[in-house]
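Please read the structure below before turning to the comments.
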Amino acid sequence: MKQDFDIPPRPRREPTRADFARAKSMYAAGEGVEHVVVGRWLLTWGKPGRKNFADWLAEQDG
């Protein structure tokens, strides 16, 4: 896929405790979870000990 130079890349931000707390409540309610949290989980793919999203989220501080 070619980069669209009209759209500048967004800097990655690390999720905060508040992001994790909000993600846990949203996930429990069956709602969508913000990309900043899901993106952090995606970085675990392909690494030893990778967990499904629910288990990983439960272990996060927040």
Side-chain angles (χ1 to χ4, degrees):
M1 184 170 160
K2 290 177 67 176
Q3 180 178 357
D4 186 350
F5 292 102
D6 292 338
I7 302 173
R10 294 185 347 199
R12 183 183 302 178
R13 111 175 147 79
E14 293 297 315
T16 64
R17 293 181 76 167
D19 290 326
F20 285 121
R22 190 169 40 257
K24 288 177 182 181
S25 64
M26 291 175 72
Y27 187 79
E31 298 178 18
V33 177
E34 294 174 351
H35 178 74
V36 67
V37 174
V38 175
R40 179 77 173 260
W41 172 68
L42 289 173
L43 293 174
T44 69
W45 284 24
K47 295 184 179 171
R50 183 179 86 76
K51 299 179 180 181
N52 67 39
F53 183 73
D55 293 340
W56 176 85
L57 183 60
E59 293 178 355
Q60 302 309 302
D61 188 24

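Every heavy atom of this structure was used, including side-chain atoms; hydrogens, water molecules and symmetry mates were not. Keep in mind that what you see is a predicted model, and the values were worked out from it rather than measured.
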Point to revise | Test applied, ring-ring contact (aromatic ring centres under 6.0 Å, His included); reference residue, Y27; option that passes from F20, F53, W56 | key: F53
Point to revise | hydrophobic_cluster_shared for V37 and M26, side chain cutoff 4.5 Å | key: no
**Study point:** Qualifying side-chain hydrogen bond (donor to acceptor under 3.5 Å, both in side chains) pairs, either residue in residues 28-43, two or more places apart
**Key:** E14-R40, R22-E34
Point to revise | All pairs passing side-chain hydrogen bond (donor to acceptor under 3.5 Å, both in side chains) where residues 42-51 contributes a residue, at least two apart | key: K51-E59
Review point. At what distance, to the nearest 0.5 angstrom, does CG of L43 lie from CZ of R12?
Key: 5.0 Å
